[in-house]
Amino acid sequence: MTPANLALDGRIVLVAGAGGDLGAVAAEACASAGATVILLGRTLAKLEASYDRIVQRGGPVPLLAPMDLAAATPEQFGAITASIESQFGALHGLIHCAAHMDYLGPLRDVTDNQWSQALDVNLSGAFRLTRSLLPLLTASEAAAAVFVTDTEAERRRGYWGPYAVAKAGLEAFARILADEYGSAGSLRVNLFAPGPIGTRLRRKAFPAEAAANPAALAPYFIDLMRSDSPYANGVRVAPASGQPSVIEENF
Ligand SMILES: NC(=O)c1ccc[n+]([C@@H]2O[C@H](COP(=O)([O-])OP(=O)(O)OC[C@H]3O[C@@H](n4cnc5c(N)ncnc54)[C@H](OP(=O)(O)O)[C@@H]3O)[C@@H](O)[C@H]2O)c1
């Protein structure tokens with residue numbers, strides 16, 4: 001039996017937004033469990049910092065994949081997919097953590113650029129990246145895709161702007177994907193709603209809040225990615241604040 005701490009031994013996992021606070025936790029958790037991670041994100045220096053931590057801890061050497069999800073061309077998505085296929089021959093996991101939120105306020109004041117950026121990164125970027133990787137994912141053993149969402153997707157409260165609209169779209173996208181692939185057994189698709197955590201994104205909305213440390217969520221990413229995952233297809237995993245258990249809602 002694979003030791004619990006190497007539950008992802010031999011698996012290849014791509015983390016989009018790996019330079020972010022939660023994305024780095026996800027990537028480094030997967031690497032600590034034995035996965036080779038592909039660190040995809042916009043800012044190379046942040047990806048390199050995560051790369052260095054993984055290598056220093058003795059994890060499998062990651063692959064760096066700098067990419068601006070809002071501006072990437074079909075050729076760039078294709079190049080990442082081709083590179084993973086040629087170097088590893090498989091992709092067992094996709095964790096989509098990348099997110100853009102630079103506007104909180106009434107919808108009437110959203111600029112075209114603010115709207116486009118939020119939709120391009122949080123929704124269309126996730127779709128385009130996933131579409132490109134799907135052939136590789138579905139050909140790999142016990143593959144899983146996880147999309148990090150936000151409770152604001154469901155609340156649909158005023159002043160959360162295009163970020164919440166995009167997250168609602170991301171949830172719809174994940175649910176449809178889960179329906180298309182889960183029943184065929186070729187890909188598990190789940191949502192992960194982390195709740196409030198102390199990251200750069202959260203501090204933009206709540207600068208004075210003492211939110212939870214994202215590092216506490218590391219075990220969830222390992223469990224979501226493992227081939228013997230406790231999470232079946234079409235589950236919205238929401239760690240309950242301050243509780244050791246999770247709320248699991250089937251789509
Ligand atoms: N923090 C919370 O309380 C909370 C609550 C619910 C859900 N979430 C979700 O958790 C996930 C992780 O966010 P976080 O809280 O860790 O925030 P974060 O630290 O700001 O991370 C967001 C990441 O997305 C990347 N990104 C933004 N625009 C991009 C683009 N155009 N192309 C590629 N990457 C881009 C950022 O890259 P750069 O480093 O280059 O900017 C950053 O690495 C997000 O999906 C967020 O919606 C967070």
Side-chain angles (χ1 to χ4, degrees), residues 14-29 37-51 64-73 76-77 80 94-104 113-130 132 145-155 157 160-171 173-174 190-218 220-221 224 236-242 247:
L14 185 147
V15 181
D21 291 327
L22 185 60
V25 165
E28 291 166 37
V37 289
I38 297 134
L39 304 169
L40 187 147
R42 182 173 53 178
T43 307
L44 181 59
K46 293 184 186 177
L47 303 179
E48 287 174 337
S50 187
Y51 178 107
L64 291 169
M67 171 180 272
D68 181 342
L69 284 167
T73 62
Q76 286 173 293
F77 286 116
I80 296 256
L94 164 64
I95 300 174
H96 192 89
C97 258
H100 176 92
M101 190 199 68
D102 71 347
Y103 177 84
L104 293 171
N113 187 50
Q114 287 164 333
W115 183 267
S116 302
Q117 281 287 317
L119 272 289
D120 284 351
V121 177
N122 302 332
L123 177 57
S124 303
F127 161 67
R128 294 189 178 115
L129 180 63
T130 307
S132 178
V146 173
F147 298 92
V148 179
T149 183
D150 194 307
T151 49
E152 298 306 330
E154 287 193 326
R155 284 187 180 142
R157 293 190 291 183
W160 277 86
Y163 169 80
V165 173
K167 286 293 189 184
L170 181 72
E171 293 207 1
F173 164 66
N190 293 308
L191 284 162
F192 183 70
I197 40 166
T199 67
R200 192 186 56 147
L201 186 145
R202 183 75 187 176
R203 285 189 290 275
K204 287 184 196 168
F206 301 97
E209 181 190 66
N213 187 337
L217 301 175
Y220 291 103
F221 292 104
L224 282 158
R236 188 178 194 277
V237 180
S241 181
I247 299 164

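In listed order, ligands and their atoms are each counted from 1. Heavy atoms only: backbone and side chains are in, while hydrogens, waters and symmetry mates are out.
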Can you pull the side chain to side chain donor-acceptor pair (under 3.5 Å) pairs that have at least one residue in residues 201-214, sequence neighbours excluded? R202-E209
In terms of ring plane angle, is the pair F206 and W160 parallel, tilted or perpendicular, where the classes change at 30° and 60°? tilted
Any idea how F192 and Y220 line up, ring-wise: parallel (<30°), tilted (30 to 60°), or perpendicular (>60°)? tilted
If you define the side chain from C-beta out and look only at heavy atoms, does anything of N113 sit under 4.5 Å from Y103? no
List the protein residues in contact with ligand 1, where contact means a heavy-atom separation under 4.0 angstrom. G17, G19, G20, D21, L22, R42, T43, K46, M67, D68, L69, A70, C97, A98, A99, V121, V148, T149, D150, Y163, K167, P194, G195, P196, I197, T199, R200, L201, R202
The criterion is side chain to side chain donor-acceptor pair (under 3.5 Å); which residues satisfy it with E171, sequence neighbours excluded? T149, R236
Just to verify, what does Q76 make a side chain to side chain donor-acceptor pair (under 3.5 Å) with, not counting sequence neighbours? T73
